[in-house]
**Q** 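Here it is, the structure in full.
Heavy atoms only: backbone and side chains are in, while hydrogens, waters and symmetry mates are out. Below, chain A is the first sequence line, B the second, and so on; all start at residue 1.
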Number of protein chains: 2
Amino acid sequence: MKINPVDVLKEHSLKHTKQRVRVLEEIALDTVAISQPELEKKLGKEIDRVTLYRILNIYEDKGILHRIMDMNGTANYAICSTACTADHHHDEHVHFNCTNCSRIYCLDVKVPKMTMPEGFKAATINTTAYGICEKCSLQVKEN
Amino acid sequence: MKINPVDVLKEHSLKHTKQRVRVLEEIALDTVAISQPELEKKLGKEIDRVTLYRILNIYEDKGILHRIMDMNGTANYAICSTACTADHHHDEHVHFNCTNCSRIYCLDVKVPKMTMPEGFKAATINTTAYGICEKCSLQVKEN
DNA sequence: ATTTAAATGCAATTATGTTGCTTTAGTTGT
DNA sequence: ACAACTAAAGCAACATAATTGCATTTAAAT
Ligand SMILES: [Mn+2]
Ligand SMILES: [Mn+2]
Ligand SMILES: [Zn+2]
Ligand SMILES: [Zn+2]
């Protein structure tokens, strides 16, 4: 997802600050999601922890980032598709969480439709597959 | 899921302690999953926090409980089906997390099969639907 | 340039989870 | 029933994650 942080801020009428630009830049570096702890490690010298939390929350609210929880309950962030808005995240793709390297991928796989029991009304469905990712599969073969 | 805590402990060759029995009793009270914070609130006077964590971890390892992470990264626990073992959790059903009352249900809906991209090998797939549960739907109608 | 409002940074607090070590209590064998 | 052994519980300390209130800074608007 190739984005221009400054434009993104404008589009969502968010004040342009160097902290906000840095966070977006950092997350946009990779298509793989990045965790809050990783972000804090990378940006902790430039940006206060609290500010980072606030920026991530705002980005999620605005539909700029989407948050994927891993099995340890750690928040991971990835750039949303441009179709996402504050009201509705178009995040109905499957995520893949590698149990080896713990990378989280946004797959180009739609979450399958499924029928809810009587009385249950699903608004969004979240699917995460756990297993070995392509990079880790390759590494195993090499050895 | 009607279970006898004492039997469960025997079956998994776990020492029978009053703390372990209490935790299982508490979780078995409801088919709906219960969160770690709720458990701590209910049992905190009888059982030390650390002990509770250790019991929950052991139960998960042994395949007695399964852990469902909600969207806030909070651990929720429910009794596993009897088919679950330490090696393999038969947890391939869909979970439903009510966005109103935040209850987590284990639905009798299988996680649909889906194809992973080249190179990705999924071992388990986790699906959680978010929306309004049956109880909350009813309450809305009443008003 | 001045004003205004919003965002940042900092300190303090709460929640969550883990580790090492001591004490307690089940279990096993006599 | 008792002793011996071992696993589990409890406690203190620590680590990390997340939130809140408030003072200060900075971007945007006039
Ligand atoms: Mn995604
Ligand atoms: Mn379940
Ligand atoms: Zn991997
Ligand atoms: Zn509900």
Side-chain angles (χ1 to χ4, degrees), chain A residues 4-27 33-62 64-65 67-77 86 102 104, chain B residues 4-27 33-62 64-65 67-77 86 102 104:
Chain A
N4 181 331
V6 179
D7 291 348
V8 171
L9 291 173
K10 273 220 185 80
E11 282 159 28
H12 292 87
S13 34
L14 289 171
K15 251 191 196 172
H16 164 277
T17 69
K18 67 173 193 296
Q19 294 86 341
R20 284 177 176 176
V21 173
R22 282 295 289 118
V23 171
L24 269 186
E25 278 175 354
E26 205 56 45
I27 297 176
I34 184 167
S35 69
Q36 188 281 329
E38 286 173 297
L39 278 170
E40 192 175 321
K41 216 162 65 180
K42 284 199 177 183
L43 301 172
K45 298 269 160 64
E46 312 172 43
I47 306 178
D48 186 80
R49 275 171 48 73
V50 178
T51 303
L52 178 56
Y53 277 112
R54 293 199 268 230
I55 290 175
L56 292 172
N57 286 337
I58 266 205
Y59 284 175
E60 196 195 352
D61 288 349
K62 291 276 185 176
I64 297 168
L65 295 181
R67 193 187 56 178
I68 310 127
M69 284 293 176
D70 66 23
M71 46 178 152
N72 304 309
T74 302
N76 287 257
Y77 295 90
S102 71
I104 294 181
Chain B
N4 180 332
V6 180
D7 291 348
V8 171
L9 292 173
K10 274 221 185 78
E11 282 159 28
H12 292 87
S13 34
L14 290 171
K15 253 192 195 172
H16 166 273
T17 70
K18 70 171 190 299
Q19 293 87 340
R20 283 177 177 176
V21 172
R22 283 293 290 117
V23 171
L24 269 186
E25 277 175 355
E26 205 56 45
I27 296 177
I34 185 167
S35 70
Q36 188 281 328
E38 286 174 298
L39 279 169
E40 192 175 320
K41 214 162 67 181
K42 284 199 174 180
L43 301 172
K45 298 267 159 66
E46 312 172 42
I47 305 178
D48 186 81
R49 276 169 44 73
V50 178
T51 303
L52 177 57
Y53 276 110
R54 291 199 268 232
I55 289 176
L56 291 172
N57 286 336
I58 267 204
Y59 283 174
E60 196 195 352
D61 287 348
K62 291 275 185 178
I64 296 167
L65 295 182
R67 195 186 56 178
I68 310 128
M69 284 293 175
D70 66 23
M71 45 179 154
N72 303 311
T74 304
N76 287 257
Y77 294 90
S102 72
I104 294 180

**Q** Let me spell it out: for each of B/Val50 and A/Arg54, pick the nucleotide of DNA chain D with the closest heavy atom. Which residue's pick is nearer the 5' end?
**A**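 Final value for this comparison: B/Val50.
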**Q** If I take atom OH in residue A/Tyr53 and atom P in nucleotide C/dT8, what distance separates them, rounded to the nearest angstrom?
**A** 16 Å
**Q** Send over the distance from A/Asn72 CG to D/dA15 C1', rounded to a whole Å.
**A**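 Answer to the nearest Å: 15 Å.
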**Q** Which part of the nucleic acid, if any, lies within reach of B/Glu40 when heavy atoms closer than 4.0 Å are counted: base, sugar-phosphate only, or nothing?
**A** nothing
**Q** Whole angstroms only, please: what is the CG-P distance between B/Asp70 and D/dA18?
**A** 12 Å
**Q** Considering only D/dA8, C/dG17, C/dG9, which nucleotide approaches the side chain of B/Lys15 most closely?
**A**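 Closest nucleotide to the B/Lys15 side chain: D/dA8.
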**Q** Do any side-chain nitrogens or oxygens of A/Thr51 fall under 4.0 Å of OP1 or OP2 in C/dG9?
**A** yes
**Q** Taking only the side-chain nitrogens and oxygens of B/Gln19, find out if one of them lies under 4.0 Å from OP1 or OP2 of D/dA8.
**A** no
**Q** Calculate the interatomic distance between B/Asn57 atom CG and C/dT19 atom C1'; express it in whole Å.
**A**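 Value for this atom pair: 13 Å.
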**Q** When all nucleic acid strands are considered with a 4.0 Å heavy-atom cut-off, which category describes A/Arg20: base, sugar-phosphate, or nothing?
**A** sugar-phosphate
**Q** Would you mind telling me which residue lines up with the more 5' stretch of DNA chain D, B/Ser13 or A/Gly73, judged by nearest nucleotide?
**A** B/Ser13
**Q** Side-chain N or O of A/Thr17 less than 4.0 angstrom from OP1 or OP2 on D/dT26?
**A** no
**Q** Supply the atom-to-atom distance B/Met69 CE to B/Thr74 OG1, rounded to the nearest 0.5 angstrom.
**A** 8.0 Å
**Q** Once you round it to whole Å, what is the distance between P of C/dG9 and CZ of A/Arg49?
**A** 13 Å
**Q** Could you tell me how far apart B/His16 (NE2) and C/dG26 (P) are, to the nearest whole angstrom?
**A** 8 Å
**Q** For the pair A/Leu14 and A/Arg20, evaluate side chain to side chain contact (heavy atoms under 4.5 Å, CB included) and give the outcome as yes or no after the intermediate values.
**A** CA-CA 9 Å; A/Leu14 289 171; A/Arg20 284 177 176 176; 3.8 Å; yes
**Q** Within this structure, what is the CG-to-P distance between A/Asp48 and D/dT19, rounded to whole angstrom?
**A** 14 Å
